[in-house]
There are 2 protein chains.
Amino acid sequence: MSTTPQTTPRRATITDVAREAGTGKTSISRYLNGEMSVLSAELRARIEAAIARLDYQPNQMARGLKRGRNRLIGMLVADLTNPYTVEVLQGVEAACHALGLMPLICHAANEVEMERRYLQLLTTYRVEGVIVNALGVREETLRPVGGGGIPAVLVDRSVDGLVTDMVGLDNHAAAELGTRHLLDNGFDDIWFVVQPFEQVSSRRLREAAFREAMSAQDRRGEQHAARGHTVVLDLSDMVEMERTLAELDRAIDAAHNVRGGTGAAGHGGRVALFAANAPVALRLALHLKTRYGDDWQTRVALLSIDDPDWAELTGITTIRQPTYEIGYRAVEFLHERIEGVQTAARDCLLPGELIVRASTLR
Amino acid sequence: MSTTPQTTPRRATITDVAREAGTGKTSISRYLNGEMSVLSAELRARIEAAIARLDYQPNQMARGLKRGRNRLIGMLVADLTNPYTVEVLQGVEAACHALGLMPLICHAANEVEMERRYLQLLTTYRVEGVIVNALGVREETLRPVGGGGIPAVLVDRSVDGLVTDMVGLDNHAAAELGTRHLLDNGFDDIWFVVQPFEQVSSRRLREAAFREAMSAQDRRGEQHAARGHTVVLDLSDMVEMERTLAELDRAIDAAHNVRGGTGAAGHGGRVALFAANAPVALRLALHLKTRYGDDWQTRVALLSIDDPDWAELTGITTIRQPTYEIGYRAVEFLHERIEGVQTAARDCLLPGELIVRASTLR
DNA sequence: CTGTTAGCGCGTTCAA
DNA sequence: TTGAACGCGCTAACAG
């Protein structure tokens with residue numbers, strides 16, 4: 001059965017259907033748009049038959065060109081590798097489905113240049129709006145978007161100088177939640193590990209909230225104050241990353257021994273790493289496993305924002321983001337803008353949920 | 001700085017630019033298409049200025065409508081949750097970039113109905129071709145595609161009765177590779193765990209190759225023959241899944257005790273589970289962890305086709321698919337078809353790579 | 001070198 | 001109820 005795939009036999013157009021049905025294009029158009037009340041049953045039947053016979057499917061491009069709207073929206077994501085992104089996408093798709101929109105997914109693969117190109121492309125294809133979860137966009141890149149250009153909604157991160165709707169995690173509350181959890185469980189040293197801030201506002205916000213929660217603890221006058229540190233880990237630069245991890249190792253060693261411990265598990269200060277997101281957490285877990293072996297969790301506790309599916313398997317505590325809802329809300333916002341809503345730019349901050357697992361319990 | 005996002009001020013068209021530059025549309029069109037040699041330097045400068053002043057961006061929809069090609073291809077995927085899919089996507093994107101194509105990603109989220117809708121939509125948007133990695137499509141669904149319709153390339157799975165190019169893993173070799181590895185490492189009982197076959201050819205092929213490799217072992221007359229079993233695990237039906245897992249548990253218990261062992265680790269028959277893909281492997285790992293605790297790997301070995309990032313963390317042996325290349329090749333095939341290549345339908349089977357980790361070593 | 005003309009496939013008056 | 005004619009934004013064929 002190795003038939004040769006044959007060449008495409010030019011699709012039928014509305015004109016073909018009109019001729020086949022022995023009528024004009026207008027009637028076909030009306031039929032397609034459901035204006036049945038304006039068509040005699042007889043003509044409708046003929047049109048139906050003609051369409052079926054020709055296997056006709058209206059050209060959406062042409063329709064869009066005509067009516068000036070194509071029901072297309074762009075979804076620009078920075079990293080599909082991050083489970084967070086895929087989960088948000090589910091919400092986006094569900095909402096689009098409900099609202100009659102069609103999402104075009106564009107994956108920048110963490111490359112700023114790609115991002116720029118896709119944004120350009122979405123613009124020239126005249127999508128009605130875009131949802132952007134981007135890495136390095138600055139205000140200029142998004143110029144054609146938001147304010148003066150097509151409607152835009154930002155997800156997870158805001159862009160300096162760009163006034164648009166934004167929806168994402170309540171980063172402040174989430175980081176505070178995680179930090180409090182670690183403090184309540186008696187950790188002595190906590191490292192907040194985050195990727196280079198760059199233009200990503202959520203990273204900065206999470207780190208700031210972490211530091212704030214750590215100093216709030218000081219002022220509360222707990223019996224012994226825990227120490228907080230921030231480490232910036234660049235996942236895209238192997239060499240730099242290894243260097244940072246080695247440095248972290250030394251610091252952890254020092255913390256383990258500071259309270260006169262022998263260095264064995266549970267004898268020195270208790271150490272926790274607070275990963276700002278799942279990719280960081282994964283990298284840390286892999287590193288810790290390499291360094292301490294399979295029972296690395298007895299030496300260092302790991303807590304992460306994001307709840308990738310391996311978290312359950314590894315038993316690390318996480319703060320799960322309401323990803324589905326984030327995506328859903330983003331589309332709702334965008335839809336309102338497309339429909340012409342003119343209110344001031346809105347922020348929608350959704351709460352994270354602490355999922356306690358074995359890793360952070362005493 | 002809570003400025004109100006203002007309404008879209010109608011984008012400039014080619015006519016606007018022509019007027020602004022004091023010339024005709026044709027010249028603008030020529031400029032846009034890089035036919036510089038046919039334009040006086042003076043006119044070109046005026047056009048350039050006009051374009052900049054109006055921030056003009058050509059409408060791709062209109063262009064596509066005119067020239068009959070829009071450089072768009074559809075990428076229909078069944079499940080973005082599966083890391084395999086995302087990895088393939090990377091290859092697809094790279095190839096598209098290189099060939100000047102624009103991939104529209106459509107995510108069916110494992111729903112056959114979604115799949116149908118997206119396929120329909122891609123068709124009506126007149127994409128030049130589609131890459132399909134689908135769940136339940138049958139020949140009818142893909143009718144508009146492949147043979148008589150727009151060019152199509154299948155990824156990972158073929159569809160009965162549909163004659164098109166296909167690219168994916170060499171399932172037979174991969175399953176055999178995994179099975180041989182388990183046999184060589186002295187496992188006594190091996191369960192091949194796979195999702196319901198449905199229309200997914202790769203599942204069937206892998207299972208068949210597993211069984212074949214198991215019986216080939218018999219004929220080789222090894223000192224003691226291992227027993228092979230197949231389990232179908234439906235991840236989408238929680239109740240059914242739990243039932244199947246409980247059954248599997250009992251069978252494993254029996255195997256553990258069969259050689260007079262006490263049931264303690266390492267005393268009975270050695271047991272391995274061979275997961276047909278990553279989602280199955282994850283589900284199995286979670287279950288085993290629940291049942292046996294953190295040291296579940298001392299009781300049961302896990303091997304999986306697909307190499308998700310938690311595999312390294314958990315230390316399970318895997319067979320990594322050449323995902324990037326699969327995606328890249330798929331686009332190359334499709335591109336050839338779009339350009340009119342007429343050869344018979346081709347199959348491209350790429351080899352998997354065995355990555356041995358602690359889980360399956362004696 | 002440049003502009004005019006005629007569509008691409010479709011929706012929308014407007015008159016019949 | 002029906003259909004002819006015009007135009008959406010753009011490209012291509014043909015003059016000048």
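Remember, it's a predicted structure, so these values are computed and weren't measured experimentally. We name chains A, B, ... by the order of the sequence lines, and we start the count at 1 in each one.
What you find for Leu80(A) and Val86(A) is that their closest heavy atoms are O-CG2, 3.5 Å.
Looking at Gln57(A) and Arg11(A), their side chains do bring a donor and an acceptor atom within 3.5 Å of each other.
An OP1 or OP2 oxygen of dT1(D) is reached within less than 4.0 angstrom by no side-chain nitrogen or oxygen of Ser40(A). Side-chain N/O atoms of Thr23(B) include none lying less than 4.0 angstrom from OP1 or OP2 on dT2(C).
Across the protein-nucleic acid pair, Leu39(A) atom CG and dT2(D) atom P stand 6 Å apart, rounded to whole Å. Tyr31(A) has its OH atom 17 Å from the C1' atom of dT2(D), to the nearest Å. One can place CE of Met36(A) at 13 Å from P of dT2(D), the figure rounded to the nearest angstrom. In this entry the distance linking CE of Met61(B) with P of dG7(D) reads 24 Å, nearest Å.
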Tell me, for nucleotides 9-16 of chain C in 5' to 3' order, what letter each nucleotide earns: B for a base near a protein heavy atom under 4.0 Å, S for only sugar-phosphate near one, - for neither? BBBBBB--
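Applying the side chain to side chain donor-acceptor pair (under 3.5 Å) rule to Glu332(A) yields no partners; only residues at least two apart in sequence or on another chain are considered.
The terminal axes of the helix from dC1(C)-dG16(D) to dA16(C)-dT1(D), fitted over 5 pairs per end, subtend an angle of 40° to the nearest 10°.
Side-chain atoms of Arg116(A) do not come within 3.5 Å of backbone N or O of Gln120(A) as any donor-acceptor pair. No donor-acceptor pair closer than 3.5 Å links the side chain of Arg157(A) to the backbone N or O of Asn133(A).
As judged by a 4.0 angstrom heavy-atom cut-off over every strand, Ser37(A) is placed among residues touching the sugar-phosphate backbone only.
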